[in-house]
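Numbering of ligands and ligand atoms starts at 1, following listing order.
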Amino acid sequence: MKRSTIKKIFSTTPNGQTVLIKGWVRTFRNNQFISLNDGSCMGNLQVVVDFENTDDDILKRITTGAALAIEGTLIPSIGKGQTVEIKALQIAILGDCDPEKYPLQPKKHSLEFLREIAHLRFRTNTFNAVFKVRHALAYAVHRFFNDKGFVYLHTPIITGSDCEGAGEMFRVSTLDLHHPPKTADGKIDFSEDFFGKETNLTVSGQLEGELAAMALGEIYTFGPTFRAENSNTSRHLAEFWMIEPEVAFADLEDNMDLAEELLKYVINHALIHCSEELEFLKTRLLDEEKQKPQNERSELDLVAKLNFCLNNEFERLTYTEAIDILKHSKPNQKKQFKYLIDEWGADLQSEHERYLVEKHFKKPVILTDYPKNIKAFYMRQNEDGKTVRAMDILFPGIGEIVGGSQREERLTLLEQRMKEMNLPMEEMNWYIDTRRFGSAPHAGFGLGFERLVLFVTGMTNIRDVIPFPRTPKNAEF
Ligand code: ATP
Ligand code: MN
């Protein structure tokens with residue numbers, strides 16, 4: 001007999017037919033009721049055991065976490081909260097689970113505890129929901145771009161360029177750490193390294209993405225990126241996934257439109273295809289927020305927040321306008337910000353971003369035209385000589401979710417900026433070539449995938465939306 005998933009069973013009309021299901025025991029009550037989960041959906045299926053006619057040895061082995069195969073008849077259930085149940089005819093133990101040693105108990109565990117047993121946390125409802133939503137969002141990203149005719153481009157994970165300018169990098173090397181070859185002047189001789197030069201894990205696929213966009217027109221990347229930044233926050237990972245579209249002949253306006261459309265599309269996809277998971281996560285968040293004082297709780301529940309995001313235009317304003325708002329804001333005047341805003345040119349900290357989004361506009365915000373000094377070399381310079389055509393999208397509870405720009409397509413201006421910033425022009429020849437041979441305006445952005453998953457699931461720590469988080473001092477599993 002072929003196995004049915006529990007999801008399928010839930011949509012089958014029960015009429016006493018025999019079915020085969022397999023799954024893991026969540027609970028076993030009164031030697032009679034097994035609550036079985038096979039991962040196919042959030043709900044558990046109730047299996048009723050005829051304990052008087054079941055081997056004692058089998059009954060003893062039905063414990064939380066054990067894997068079972070059950071053949072039984074599918075009948076309507078009179079129990080509360082379920083429409084069908086299975087009357088077991090035959091139970092086979094596929095894998096035992098010693099209840100004395102199994103860390104997951106049929107009770108609520110803290111997210112911190114579950115993080116320590118990340119190899120088992122998939123078996124909880126919360127992580128079942130989180131990773132289903134993560135999957136749905138990834139699928140929606142590909143669907144969105146595919147339907148628009150974008151090409152999914154695989155940019156390298158190991159890169160030889162060290163001026164992507166997005167943070168500290170992880171070195172890739174096969175040299176002997178204890179006895180590295182040295183050059184005449186005593187420096188490490190990377191010409192003897194695997195690639196014959198210094199190499200690192202990529203911090204962004206953008207530069208390579210631009211090369212392809214200048215021929216294929218519209219591309220996007222969706223892959224892992226690595227940053228050795230020592231920021232132990234609830235928003236940063238050392239290994240995270242990023243989506244980076246790059247579009248030829250697009251300006252900043254087009255770029256903002258594309259980002260807003262993408263975000264709304266994928267959120268809408270999750271609302272439609274993960275309603276069960278999002279309902280569960282909504283309740284989870286409400287429970288979690290009960291511990292907080294009233295003024296720190298969200299005004300909208302998770303699903304309402306996602307719908308709100310869909311139904312409102314993102315607020316668009318310049319960095320200069322934002323600084324003005326921040327300067328005159330209450331927390332700045334009462335010196336409640338950790339970093340006070342006193343002059344134009346300051347980099348915005350997440351407290352400022354969150355003030356703008358959560359307190360001032362109360363909706364997603366797109367900030368544009370940042371000072372060139374706090375942004376990367378490739379951003380297009382404005383006429384004022386001070387700002388560049390950058391855009392950051394700020395989300396409630398998250399802060400920056402997207403960073404992007406219109407790129408500097410004018411060769412002389414790009415070269416001038418690279419010189420000012422002391423970048424190794426020689427090594428970057430391949431990049432500058434795009435501006436030498438048929439340069440054209442183009443624009444793109446990076447969307448941090450885990451920050452998106454964080455927003456949609458209502459989880460609060462980025463470590464809880466990626467299966468095996470890599471953070472400073474932690475690369476378990
Ligand atoms: P932040 O200021 O929050 O560190 P950033 O300015 O360094 O972000 P970008 O270099 O613009 O970010 O990267 C593009 C996007 O990638 C960001 O908008 C964010 O969504 C995501 N991102 C950046 N760094 C991380 C990280 N360490 N972990 C997870 N996501 C990240
Ligand atoms: Mn950063």
Side-chain angles (χ1 to χ4, degrees), residues 134 137-138 141 155 159 163-170 201-207 209 220-246 252 255-256 258-260 262-263 266 314 319 322 339 346-354 356-357 364-368 370-379 388-407 443-457 459-475:
R134 185 180 164 110
L137 289 168
V141 164
T155 49
T159 124
C163 56
E164 283 162 336
E168 297 296 308
M169 303 181 103
F170 288 101
L201 292 180
T202 185
V203 293
S204 154
Q206 180 202 317
L207 300 187
Y220 71 105
T221 73
F222 188 170
T225 46
F226 307 85
R227 296 191 186 177
E229 49 196 1
N230 214 341
S231 34
N232 229 328
T233 76
S234 56
R235 311 266 177 279
H236 289 89
L237 291 163
E239 176 181 294
F240 65 98
W241 290 66
M242 187 149 59
I243 295 133
E244 296 181 281
E246 193 68 38
L252 193 66
N255 208 23
M256 289 190 277
L258 180 68
E260 184 166 342
L262 166 66
L263 285 163
V266 299
F314 296 3
Y319 165 91
Y339 299 90
D347 203 354
L348 300 184
Q349 304 295 326
S350 84
E351 55 179 348
H352 309 129
E353 299 176 339
R354 295 184 63 166
L356 289 171
V357 173
V365 168
I366 313 184
L367 290 187
T368 62
Y370 281 74
K372 67 176 180 185
N373 291 336
I374 56 171
K375 289 291 179 185
F377 74 94
Y378 48 72
M379 298 190 180
V388 286
R389 298 245 78 191
M391 64 155 195
D392 278 8
I393 302 187
L394 315 177
F395 259 37
I398 306 287
E400 180 188 331
I401 192 165
V402 164
S405 67
Q406 183 173 339
R407 317 307 187 190
F445 60 84
L447 163 63
F449 186 55
E450 283 73 20
R451 293 204 188 163
L452 172 67
V453 183
L454 210 46
F455 179 73
V456 177
T457 57
M459 300 298 283
T460 44
N461 193 313
I462 201 163
R463 292 165 182 77
D464 296 331
V465 298
I466 187 165
F468 301 105
R470 269 74 181 101
T471 51
K473 300 274 176 292
N474 177 43

Identify, by atom number and element, the atoms of ligand 1 in contact range of [X], meaning under 4.0 Å from any of its heavy atoms.
X: G403; value: 11 (O), 18 (O)
X: E229; value: 24 (N), 26 (C), 27 (N)
X: E400; value: 2 (O), 5 (P), 6 (O), 8 (O), 9 (P), 11 (O), 12 (O), 17 (C), 18 (O), 20 (O)
X: G446; value: 14 (C), 15 (C)
X: R235; value: 28 (N), 29 (C)

Subject >> Minimum heavy-atom distance between F455 and I398, given as atom pair plus value >> reply: N-CD1, 3.7 Å

Subject >> Closest approach of D347 to H352 (non-hydrogen atoms, all atoms of both residues) >> reply: O-ND1, 4.4 Å

If I apply the N/O under 3.5 Å rule, does [X] come out as touching ligand 1?
X: F240; value: no
X: I462; value: no
X: G448; value: yes

Subject >> Check: F395 ring centre within less than 6.0 Å of F314 ring centre >> reply: yes

Original post:
Between V402 and ligand 1, which part of the residue brings a heavy atom under 4.0 Å of the ligand: side chain, backbone, both or neither?
Top reply: backbone

Original post:
Relative to ligand 1, is R227 under 4.0 angstrom through side chain, backbone, both or neither, heavy atoms considered?
Top reply: side chain

Original post:
Are the side chain of E351 and the backbone N or O of Y339 linked by a donor-acceptor pair below 3.5 Å?
Top reply: yes

Original post:
Is S231 reaching over with its side chain to a backbone N or O of T233, donor-acceptor style, under 3.5 angstrom?
Top reply: no

Original post:
For residues R407 and S405, is any side-chain donor paired with an opposing acceptor at under 3.5 Å?
Top reply: yes

**OP:** Answer yes or no: is there a side-chain heavy-atom contact under 4.5 Å between T225 and F240?
**Re:** yes

**OP:** Check whether any heavy atom of M242 sits under 4.0 Å from an atom of ligand 1.
**Re:** yes

Original post:
Pairs in or reaching into residues 445-457: which pass salt bridge (charged side-chain N to carboxylate O under 4.0 Å, His left out), with residues at least two apart or in two chains?
Top reply: R134-E450

